[in-house]
Student: 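Before I ask anything, let me first share the structure, which is written out below as structure tokens.
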Amino acid sequence: MSIDLFQPFRVGAAACRIQTRTLVRTPVELMTMALVPLQILGILAVIRAAGRPDLEVVAVVAPGLMATWQNALYVVGDLVTKDRDSGRLEMLAAARAPYFTYLLGRTAAVSGYSVVVFALSLALGGFVLGVPVTVDTLPLTALMVVATATATGCVGILLAVFFVRTHNPHTYQNALGYPIFILGGVLVPIDVYPDWLEALGHLVYLSWAADLLRSLLIGEIPSNWWAAVVVVLGTALVAGGLGSWVISRAVDRLRVEGAFDGI
Amino acid sequence: MASDQPRSTSTGIIETPGNRRLSQVALLLLLSGRTGAADFRRRYTWRTWILGWLARGILEVLFFASIGAMLQDPQVTLYLVIGRSLLIGATETMLAIQTVGWERQDGTMPFLLIGTAPAWPAFVGRALQWLPSATATPLLLLFVLGPILGLRYDLESALITAVAVPLCALSSFGFSMAVAAAVIVWPAARNLVANVAAATIALFCGAFVPVSHWPEAVQGMAQVVPLTHIIDTVTSALLNHDASSAVWRFALAFGLGAAWLLVGIFLLERFVERGRRTTVSHPDD
């Protein structure tokens, strides 16, 4: 039997296409796109009412990052549970292609969607609402947005494997939004927090991403920009690697015992 | 028909078609309310309500109030604490939009359609399940978390807040039932509509900034939402010590909530009538 080296890529690409079609055809999956303009307007209104144009960049970064996390939490987080509940999981586990490759393909589509939402947030804030953001640092900004969406997607895969074991994943999904928004400093830089909370915030990769994105969008490239890139890409690698290991073990057990128990 | 004639019951009350219908509606509300209570108990235990819902509410308030910390403006922080706390109560009633759709998911819609009784009490009664939580959550946020973050109450402002919170839940429930009835024919978009409606209300009804911040046309539209009047009254009382218009603003919020509920009932009954005429339970599928 010959080994098809390209099979994982074909499987991943097919899964990515399926997820893209699902996103486009299901209105509820596009929710974050609809919410972003409303969130920008709300945050911007508070900052403008206080007369602080220097902080307006917060209003375009926060909704984009919130959407990225919510897409991973609700869309990627539901992937395994939906596969199980619709009876697809057994067939996918029985297939020769690794289940993780298929999950990665679907997650890539969600992360791509998050990048689009972030771009929309920037365009709406910068071009329509007159938020002072610069395109001088566009290449590094784009790299950071893609890296953050990728890392968040990988964390979403880990959550998906955890959620499949729970009685009601929505309880956890609802509970996991704001703690990460706060610790991730997506709205307010974590140096505004008390010291103990700031220290905790440094442990969440989103806080590194949020700080760097806010700086880049006002045209500042901090000297330690690479540290944020390393933290975010490192998170993607660790979460992706862990996800791959946990899922391959769970799928192996499914093949032997006929039951899928996630993490 | 004999059943349309007034008759004396064993309790001595003269039963007419009018009050028979009223008691039928009350019974249906009671029974569907019990179904709703069972739904709610299945969804939450005390532990998951506190850790899942209430804790989420606390963090949501802290998240938005942190804008005030960034701006180093305590008044902004307090305004956001009040606005967000009340908004959380109002948006919890928006879950009625999903609840109304459960009759379809559960397969109970055909039974509501073939019954001779009006169907709206079944929808309204079941959706009432959100009211206790939509009242308790903002009360805890405003009276426990609020003082920790710097809210100060005198007797008058405490009384206004204590009245405002249940009124907010009740009047927002009426508004939510109207939205729920309007989208019952579009089940795939229920979650989307519920979230976009909640975010729109948050934006224009005073949860971020006072309504006067927005253009006049938007201000005018915001006046038909009960939450607008509730947030304005509570922030005036707590931050400006002005309670002069509280009574009539509360009356207005209550009236608006009742009017929206009537709109919701009308739309629900129209939906059910169409279902009965077309003899299918999903008239628009």
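In the text below, chain A, chain B and the rest are named by the order of the sequence lines, each starting its count at 1.
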Student: Quick one: does B:Thr45's side chain have a donor or acceptor within less than 3.5 Å of a partner on B:Thr48's backbone?
Tutor: yes
Student: Measure distances from A:Leu35 to the heavy atoms of chain B and classify the residue's part below 4.5 Å as side chain, backbone, both or neither.
Tutor: side chain
Student: Contact part of A:Met66 toward chain B, heavy-atom cut-off under 4.5 Å: side chain, backbone, both or neither?
Tutor: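 The side chain, not the backbone.
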Student: Have B:Ser176 and B:Thr93 got a donor and an acceptor in their side chains that come within less than 3.5 Å?
Tutor: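 Present: a donor and an acceptor within the cut-off.
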Student: Please work out whether the ring planes of A:Tyr172 and A:Phe162 are parallel, tilted or perpendicular, with thresholds of 30° and 60°.
Tutor: perpendicular
Student: So what's closer than 4.5 Å to chain B heavy atoms on A:Ala45: side chain, backbone, both or neither?
Tutor: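 Both parts, backbone and side chain.
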Student: Less than 4.5 Å to any heavy atom of chain A: does that hold for the side chain of B:Trp53, its backbone, both, or neither?
Tutor: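 Answer is neither: B:Trp53 stays 4.5 Å or more from chain A.
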Student: Does a side chain donor of either A:Tyr205 or A:Thr148 reach within less than 3.5 Å of an acceptor in the other side chain?
Tutor: no
Student: Would a line drawn from the ring center of B:Trp130 to the ring center of B:Phe40 be shorter than 6.0 Å?
Tutor: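 Yes: the rings meet the under 6.0 Å criterion.
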Student: Give me each pair satisfying salt bridge (charged side-chain N to carboxylate O under 4.0 Å, His left out) with a member in residues 37-55 of chain B, each pair once, sequence neighbours excluded.
Tutor: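 Salt bridge (charged side-chain N to carboxylate O under 4.0 Å, His left out) check on residues 37-55 of chain B returns B:Asp39-B:Arg126.
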Student: Using the benzene-type ring in the case of Trp, are the ring centres of B:Trp214 and B:Phe204 under 6.0 Å apart?
Tutor: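 So the answer is yes for these two rings.
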Student: Among A:Thr26, A:Ile43, A:Ile47, A:Val46, single out the residue with the greatest number of heavy-atom pairs under 4.5 Å to chain B.
Tutor: A:Val46
Student: Determine which residues belonging to residues 69-80 of chain B lie within contact range of chain A, meaning some heavy atom pair is under 4.5 Å apart, and list them by number or answer 'none'.
Tutor: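 Within residues 69-80 of chain B, the residues that come under 4.5 Å of chain A (heavy atoms only) are B:Ala69, B:Met70, B:Leu71, B:Val76, B:Leu80.
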Student: Do side-chain atoms of A:Trp208 reach the backbone of A:His202 as a donor and acceptor pair under 3.5 angstrom?
Tutor: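 Confirmed, A:Trp208 side chain pairs with A:His202 backbone.
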Student: Between the side chains of A:Glu56 and A:Arg52, is the shortest nitrogen-to-carboxylate-oxygen separation below 4.0 Å, so that they form an ion pair?
Tutor: no
Student: With respect to chain B, which residue among A:Asp191, A:Val58, A:Val192, A:Ile182 yields the maximal number of heavy-atom pairs within a distance under 4.5 Å?
Tutor: A:Ile182
Student: Under a 4.5 Å cutoff for heavy-atom pairs, which residue among B:Arg56, B:Glu60, B:Arg190 has the most contacts with chain A?
Tutor: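 Most heavy-atom pairs under 4.5 Å with chain A: B:Glu60.
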